[in-house]
Every structure is written in C-alpha cells, then in structure tokens.
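In what follows, chains are A, B, ... by sequence order, proteins preceding strands, each numbered from 1. Note that the coordinates shown come from a computational prediction; the quantities given were computed from them, not determined experimentally.
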There are 2 protein chains.
Amino acid sequence: MTYCVGLLLDRGLVFMSDTRTNAGIDNISVVTKLRTWSVPGDRFLCLMSAGNLATTQSTVSLLEERGLAPAERKPSLLSQPSMFQTAKLIGETLKEVISYTAEAGQEASSRFSGSFILGGQIKGGRPRLFMIYPEGNFIEAGPDNPFFQIGEHKYGRPILVRTYGPNMSLEDAAKLLLVSFDSTIKSNLSVGLPIDLQVYETDSLVAGYRQRFDERHPYYRQISEGWSDSLKTAFDRLPPFVPDAA
Amino acid sequence: MTYCVGLLLDRGLVFMSDTRTNAGIDNISVVTKLRTWSVPGDRFLCLMSAGNLATTQSTVSLLEERGLAPAERKPSLLSQPSMFQTAKLIGETLKEVISYTAEAGQEASSRFSGSFILGGQIKGGRPRLFMIYPEGNFIEAGPDNPFFQIGEHKYGRPILVRTYGPNMSLEDAAKLLLVSFDSTIKSNLSVGLPIDLQVYETDSLVAGYRQRFDERHPYYRQISEGWSDSLKTAFDRLPPFVPDAA
C-alpha cells in the first residue's frame with residue numbers, strides 16, 4: 001500500500017510519503033511517491049500519490065509532457081492561474097488515465113485506481129492543500145480538516161488528531177509526521193522506509209528542504225526508539241485504574 | 001463495525017469490547033458483544049464477537065440452547081474438557097450458522113460473516129486465548145502474539161504494540177485498553193461508547209470484575225482527556241528535528 005500525509009499549517013505545508021510499492025508481499029520495491037515542481041518566485045507544487053503505480057506514474061508523465069510543450073493546446077501544469085485550477089487539471093488527467101486502463105466499454109476498474117495529495121502556492125494566492133480522487137474531483141483542506149492522508153492512514157491517525165496544531169513550527173510538524181509514519185511502519189508491512197519529507201514555507205514560492213530518512217538515519221532512529229519510551233512514560237502518568245465498587 | 005481486544009497476561013486475561021452495531025451510519029444501536037459463562041471453581045469463558053450481528057447472536061444462542069439441554073446429543077459449551085475443545089465447538093457452530101445464511105448451493109457469503117475472540121480457563125489447564133475465524137478454524141495467543149484484536153483494529157494497535165508487557169497488572173492492562181479504545185473512538189464513527197471491560201485472574205476459575213464505561217464515567221473521562229495532554233508532553237520530549245545540512 002502507501003502512506004502519505006500533507007499538513008496545512010500557518011507557516012506553510014509539510015509533506016511526507018513512504019516509498020514502498022508492492023505487487024504482492026513477495027514483490028516490493030522502493031519508488032518515490034512525492035514529486036515537486038517549482039518556478040522560483042512564481043509557484044511551488046508538491047504532489048504525492050497512492051494507488052496503482054502505473055496509473056499515478058502515467059498521470060504525472062502526461063502532466064510533465066504537456067508542460068514541456070507549451071505550444072500544444074493542452075493546458076500545462078506550471079501555467080495554471082491558481083492552485084484550484086492546478087488541482088482541476090491533475091484530477092482531469094488522472095481520470096483520463098484511469099479511463100484508458102478500464103476495459104473497453106466499461107467504467108474504470110478500481111484496481112487501476114489512484115489518488116493524489118496536492119499542495120503548493122502560486123503567487124497572489126495562499127498556500128492550499130487538496131485531496132484529488134480517482135473520479136477527478138477533489139476537496140480542499142481548511143481549519144476544520146487541516147491535513148489529508150492517503151493509503152494506510154489508520155495506524156498513524158490518532159497521533160495526528162491529538163497533536164496537530166495549526167501554529168506548529170515546520171520542524172515540529174516534520175517531527176509529528178515521523179512519529180505518525182513510524183507508528184504505521186511498525187504495524188504494517190505494506191508501508192516501508194525510506195521516507196521522503198518535503199517542506200514548504202508560506203510565501204517563499206520556492207521549494208523548502210527535502211530530506212530522505214532510512215533506518216540508518218540518526219534522527220529517525222532517535223524518534224523511533226524514543227517514542228516507545230515516551231509513550232510508556234505518558235501512559236504511566238495517567239491515573240491508575242481502580243475498579244468501581246460493585 | 002466493532003472493536004474488541006483480548007490480552008493474555010501472566011496474571012490473567014483482560015477483555016474489552018465496544019457496543020456499537022450499525023446497519024448503515026444512520027441506523028446505530030447499542031448491543032453488548034462481550035459474553036461470559038462461568039462454573040465457579042471449574043471454568044470461566046469470555047467470548048467477544050465481530051461481524052454480522054445475526055450470525056454472531058445465532059451462534060451464541062445455539063451454543064446456549066445446546067448447553068441447557070445436556071441430554072441432547074449435541075455437545076455443550078460448558079462441558080468441554082479443554083479450552084481447545086471449547087474453541088473448536090464455537091468454531092464449528094459459527095461455521096454452521098454461516099452456512100445456513102449462505103445462498104442455497106453456494107459457499108457462505110462474507111456479508112454474513114463473523115469472528116470471535118475466546119478466552120478463559122478450565123480447571124487443570126492454563127488460561128488460554130483464541131481467535132476464531134468464520135471458517136471455523138482458530139489460532140491461539142502466545143508469548144509472540146499475546147493479544148488479539150477484531151474489528152476496527154488499526155487505530156488502536158500502535159499503543160498496544162508499544163506499551164503491552166506480559167507482566168502488567170490487570171489494572172494497567174485495563175487502562176491500556178481504555179487508551180487504545182479511546183484512540184479508536186476518536187478516529188472512527190463505527191466504534192462507539194459504552195465500552196465493556198471483563199477481567200479474569202489466573203487460577204481464580206470465576207469471573208473477575210466487569211464494568212461498563214460511558215462518556216460520563218469519571219475514569220474514562222480522565223483517560224480520554226489526560227491522554228491528549230500526555231501525548232503532547234511525550235511528543236515535546238522527543239528531540240527537535242533539525243534538517244540535515246544540504
């Protein structure tokens with residue numbers, strides 16, 4: 001499977017993605033699911049994918065090919081006037097790719113399905129975060145739903161729900177995502193290291209730092225080992241359970 | 001859906017189950033999924049169910065009816081010589097019920113499926129914990145897999161994986177399960193309060209305390225509210241993230 005999270009914060013956007021792809025549990029590979037494009041001073045886009053790899057890679061390839069040939073009548077990924085229009089273009093392209101792979105005369109099979117998290121900022125607008133569905137439509141993050149997860153989202157959700165705050169620093173958000181990913185990786189074989197991190201700072205209009213964490217990365221090891229101890233300490237501090245009087 | 005957990009500990013067994021049943025999100029009810037039987041001094045059994053309610057209730061009704069009429073040739077739930085034979089009887093009964101509801105001439109539909117967690121102790125044996133599948137077969141907990149979850153198990157798993165220890169007290173195990181359930185309930189509508197707790201102490205051969213927690217229960221509120229604070233403190237204690245030098 002996959003695990004990707006995009007967080008919308010006051011100070012920017014933070015994206016994290018695992019890199020495991022599998023065709024059965026005996027056929028796993030590492031592939032990046034986090035891609036960025038940037039026109040410094042004008043726009044920054046980050047796209048994370050889940051689902052059928054052929055579908056999501058084809059969608060990205062089509063978006064990039066069309067971007068390289070601006071004379072074509074097809075719209076280009078990097079020339080959209082807004083994040084909304086960018087999400088719309090990606091959704092349409094995804095839907096188009098899925099319709100190729102569907103059997104002739106039928107609707108798209110869910111087996112070739114895919115979905116995306118898109119985040120970024122275009123000059124004149126604010127940073128925005130979208131979840132794009134295989135049907136081509138999409139929803140946007142806001143104060144009530146400030147993050148999106150795709151893939152194997154359940155294991156890592158409770159820590160996000162309890163710890164996220166919109167005014168977190170970008171570094172704390174990266175730390176939070178590492179905890180959420182580590183919880184998922186410890187529970188589910190279909191999500192695997194290494195992990196890709198991409199940070200975007202509001203109004204910078206340029207890619208922030210990108211980093212990869214594998215099992216040898218010292219900070220990842222600190223988080224992974226330290227979190228078990230921290231959780232145990234937190235658990236011990238909760239008041240002890242005493243059965244109600246019968 | 002459902003969330004049930006059974007824990008095998010040195011000092012006994014701890015069981016917890018939610019009580020939500022639903023036929024669509026606009027049709028929810030409270031129903032207990034945790035049942036116990038006991039012949040004090042001889043045996044104690046606890047059974048928790050997930051899946052189609054008609055299937056699991058029928059299974060339990062059949063087991064109880066057959067137990068009430070010992071003259072019948074059918075074997076009785078409370079007269080099995082071992083926990084293994086008890087699990088086998090329950091598995092066979094479950095499989096029988098599923099086969100009733102399957103369409104004529106076909107294998108059982110997964111829509112009428114169900115599964116159980118069975119735990120208990122029979123005089124002369126040790127406490128044992130089983131997970132029983134709709135196919136009628138079952139697996140047993142041991143030192144390497146000391147707990148079973150059925151239903152919506154993903155949200156509440158990371159805290160179990162990190163905090164469980166076989167030498168925990170029964171009260172700490174009850175506290176741990178409350179944290180795991182609270183994390184699940186906060187993330188998923190299909191698991192709901194109240195929660196049933198059942199404790200069994202090794203070699204007591206009698207039911208330990210049973211308790212129900214709803215949203216007004218003071219200890220449940222302490223755990224639910226305290227855990228968010230504890231998690232935040234635990235998170236703050238992890239070392240801060242500093243991006244690698246480029």
Which portion of A:D182 sits near chain B, non-hydrogen atoms under 4.5 angstrom: both
Exceeds 12 heavy-atom contacts within 6.0 angstrom, atom CG of B:L189: no
CD/A:Q149: more than 12 non-hydrogen atoms of other groups inside 6.0 Å: yes
Proximal component of A:Y220, with respect to chain B [non-hydrogen, under 4.5 Å]: neither
Selection from A:S183, A:S169, A:G156 maximising heavy-atom pairs under 4.5 Å formed with chain B: A:S183
Under 4.5 Å from a heavy atom of chain B, the part of A:F235 involved: both
A:E171 (side chain) donor-acceptor with B:P240 (main chain) under 3.5 angstrom: no
Partner chain A: residue of B:S230, B:P243, B:G226 with the largest heavy-atom pair count (under 4.5 Å): B:P243
Contact check, side chains of B:R157 and A:K154, non-hydrogen atoms, under 4.5 Å: no
A:P239, part contacting chain B, at a heavy-atom distance under 4.5 Å: both
Heavy-atom closest contact (B:D244 atom, A:H217 atom, distance): OD2-NE2, 2.9 Å
Side chain / backbone / both / neither for A:L197 at chain B, heavy atoms under 4.5 Å: side chain
Engaged part of A:Y155 at the chain B interface, taking heavy atoms whose separation is under 4.5 Å: both
Chain B contacts, top residue of A:V242, A:L176, A:I159 (heavy-atom pairs, under 4.5 Å): A:L176
Over 12 foreign heavy atoms within 6.0 Å of CD, B:E152: yes
Which atom of B:S224 lies closest to which atom of A:R162, heavy atoms considered: O-NH1, 3.2 Å
Closest contact, heavy atoms only, A:K232 versus B:T163: CE-CA, 4.2 Å
Short side-chain to backbone donor-acceptor contact, B:K175 and A:L238, under 3.5 Å: yes
